[in-house]
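A short write-up of the structure that comes next.
Just follow the structure's listing: the first ligand is 1, and inside any ligand the first atom is 1. We use all heavy atoms of the structure for the numbers below, so side chains are in, but hydrogens, waters and symmetry mates are not.
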Amino acid sequence: MTTILGIESTAHTFGIGIVKNGKVLANVRSAYTTDKGGIIPMDSARHHEQKKYEVYEEALKQAGVKEGAADAIAFSQGPGLAPCLLVGMKFTKEIAEKLDVPIVPVNHCIAHLEIGKITGAKDPVMLYASGANTQIIAYASGKYRIFGETLDIGVGNFIDTFARYAGIGFPGGPKMQEMAVKGKNFVELPYKVKGMDVAFSGMLTNLRQKLESGKYSVEDLAYSLQEVVFSMLVETSERALAHTGKKELLLGGGVGCNTRLQEMCRIMCKEREAKFFVPSNDLLMDNGAMIAFLGEIMFKAGIKEKPGKIDIKPRQRTDEVEVSWKN
Ligand code: ATP
Ligand code: FE2
């Protein structure tokens with residue numbers, strides 16, 4: 001029996017999850033939000049600092065375990081915002097030293113993908129659609145290979161930035177989804193796909209101009225934006241399925257909560273007789289359970305460090321990580 005506590009703090013969310021033998025016992029999160037404007041790293045770090053003990057206590061309570069039950073502490077080492085990552089790392093060291101247990105450093109992006117296995121997916125093509133990242137990934141010979149990705153900004157940041165132009169606070173994604181449902185007229189927007197890569201910044205400029213012209217409603221723009229952007233993601237995911245010959249698509253990352261994106265993925269998979277998998281929203285958004293989940297797999301493969309040996313990796317890339325825990 002292994003019990004792992006996982007700590008997430010890369011950006012807007014401070015989360016702690018507790019996983020025991022692949023089962024999520026607790027998943028508690030506190031997210032930094034704004035009424036207007038985007039995420040300010042130092043403010044978000046302050047939020048994490050203020051909430052850490054509360055989230056920790058709540059997670060232990062939810063799991064119904066005592067503090068000493070953890071065999072190791074897993075933490076999100078990167079990529080992410082340095083001030084936010086530091087709060088998580090310091091807290092990890094504090095708890096690990098107090099309990100005298102080892103630390104498992106986890107890559108945030110791979111955790112978003114690995115938690116998808118909880119849905120039953122075995123060897124999927126993964127569409128990782130989150131704030132800072134948009135990548136089409138598949139596992140091949142020892143690494144998570146990136147088949148396609150955004151050439152500029154992540155899809156979540158793109159939607160959040162447009163929302164900010166429209167006077168909506170952070171995160172903008174969920175509110176844009178509500179507005180999109182009310183949109184009636186499709187507005188033509190630039191569609192940018194190159195092979196398995198996508199790009200959003202041209203569309204963002206175009207949307208800003210359309211918004212400022214006052215000729216279009218935010219609802220129509222939100223609706224059109226979703227249709228065009230998600231078509232780009234579905235097209236590149238389909239190309240990766242065709243290229244790799246894989247038969248499963250797994251959606252991961254916060255933008256994966258969007259029900260229209262889920263619907264479009266489902267339709268594409270049905271048409272090409274592939275299976276579609278998507279975890280529940282609490283496992284799609286940044287959360288500690290996904291860190292504990294991957295932490296447990298790594299811990300069982302013998303990956304563990306002493307508190308003095310760990311550091312944050314704000315710019316760590318998915319395909320840099322040696323996946324030594326998989327066979
Ligand atoms: P990364 O994993 O790349 O570091 P992140 O940690 O910032 O990014 P996640 O928590 O995985 O991000 O995702 C947050 C993003 O998800 C935000 O940009 C948010 O607007 C977006 N999002 C959440 N719900 C929805 C939704 N229903 N529709 C569209 N976007 C959404
Ligand atoms: Fe994330």
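- Not a single N/O/S atom of Cys109, whether from backbone or side chain, sits less than 2.8 Å from the Fe ion (ligand 2).
- Annotation: the span from Phe200 atom CZ to Asn157 atom CG amounts to 10.5 Å, rounded to 0.5 Å.
- With a 4.0 Å cut-off on non-hydrogen atoms, Met176 does not touch ligand 1 at all.
- Taking a cut-off of under 4.0 Å to the non-hydrogen atoms of Gly156, the atoms of ligand 1 that pass are 18 (O).
- No other N/O/S atom of His108 lies as close to the Fe ion (ligand 2) as NE2 does.
- Nearest non-hydrogen protein atom to atom 28 (N) of ligand 1 is Asn258 ND2, 3.0 Å.
- Environment of NZ in Lys313: sparse, with no more than 12 heavy atoms of neighbouring residues, nucleotides or ligands closer than 6.0 Å.
- A donor-acceptor pair under 3.5 Å links the side-chain atoms of Glu248 to the main chain of Lys122, judged by distance alone.
- When the Fe ion (ligand 2) is compared with the N/O/S atoms of Asp286, atom OD1 turns out nearest.
- Contact check for Phe170 versus Arg164: no side-chain heavy atoms found under the 4.5 Å cut-off.
- Counting atoms of ligand 1 from 1 in the listed order, those under 4.0 Å from a heavy atom of Met285 are 10 (O), 23 (C).
- No donor-acceptor contact under 3.5 angstrom links the side chains of Glu8 and Thr13, judged on distance only.
- Remark: Arg208 qualifies as a cation-pi partner of Tyr165 under the 6.0 Å distance and 45° angle criteria applied to the six-membered ring.
- Under the 30°/60° scheme for interplanar angles, the aromatic rings of Phe186 and Tyr223 are found to stand perpendicular.
- For His112, the N, O or S atom with the smallest separation from the Fe ion (ligand 2) is NE2.
- Below 3.5 Å of separation, one finds no N or O of Ala11 facing any N or O of ligand 1.
- Looking from atom 2 (O) of ligand 1 to the surrounding protein, the closest heavy atom is Tyr128 OH, 2.7 Å.
- Ranking the protein heavy atoms by distance from atom 30 (N) of ligand 1 puts Gly173 CA, 3.4 Å first.
- Distance from atom 11 (O) of ligand 1 to its nearest protein heavy atom, with residue and atom name: Gly254 N, 3.0 Å.
- For the side-chain hydrogen bond (donor to acceptor under 3.5 Å, both in side chains) test with Ser30, the passing option among Lys52, His47, Glu58, Gln50 is His47; the others fail.
- Taking distance alone, with nitrogen or oxygen atoms compared against 3.5 Å, Gly253 stays at or beyond that limit from ligand 1.
- The one candidate from Leu284, Asp160, Leu261, Asn133 that meets the side-chain contact (heavy atoms from CB on, under 4.5 Å) condition with Val255 is Leu261.
- Separation of atoms OG1 (Thr34) and NE2 (His12) is listed at 12.0 Å; rounding is to 0.5 Å.
- For ligand 1, the polar-atom distance check against Gly131 finds a nitrogen or oxygen pair separated by under 3.5 Å.
- Checked against a 3.5 angstrom limit, the closest N/O atoms of Thr10 and ligand 1 fall outside it.
- Within a 6.0 Å sphere centred on NZ of Lys90, heavy atoms belonging to other residues, nucleotides or ligands number 12 at most.
- In terms of protein heavy-atom proximity, atom 14 (C) of ligand 1 is closest to His12 NE2, 3.8 Å.
- Listed by number with element, the atoms of ligand 1 under 4.0 angstrom from any heavy atom of Ala132 are 1 (P), 3 (O), 8 (O).
- The His108 neighbourhood of ligand 1 comprises atoms 1 (P), 2 (O), 4 (O), 6 (O), with distances under 4.0 Å to a heavy atom of that residue.
- When the shell of 6.0 Å around NZ of Lys192 is examined, it contains 12 or fewer heavy atoms from other residues, nucleotides or ligands.
- Among protein heavy atoms, atom 9 (P) of ligand 1 sits closest to Asp286 OD1, 3.3 Å.
- Between Pro174 and ligand 1 there is a heavy-atom distance shorter than 4.0 Å.
- With distances taken over non-hydrogen atoms, the option nearest atom 20 (O) of ligand 1 out of Asp160, Thr161, Ile39 is Asp160.
- Looking only at protein heavy atoms, the nearest one to atom 1 (P) of ligand 1 is Ser130 OG, 3.1 Å.
- The nearest heavy-atom contact from the protein to atom 27 (N) of ligand 1 is Gln177 OE1, 2.8 Å.
- Atoms of ligand 1 lying under 4.0 Å from any heavy atom of Pro171, numbered from 1 in the order shown and given with element: 19 (C), 20 (O).
- Contact check on Glu94 versus Lys98 returns no salt bridge, with no Lys/Arg side-chain nitrogen under 4.0 Å from an Asp/Glu carboxylate oxygen.
- Ring centroid separation for the pair Phe14 and Tyr32 does not come in under the 6.0 Å cut-off.
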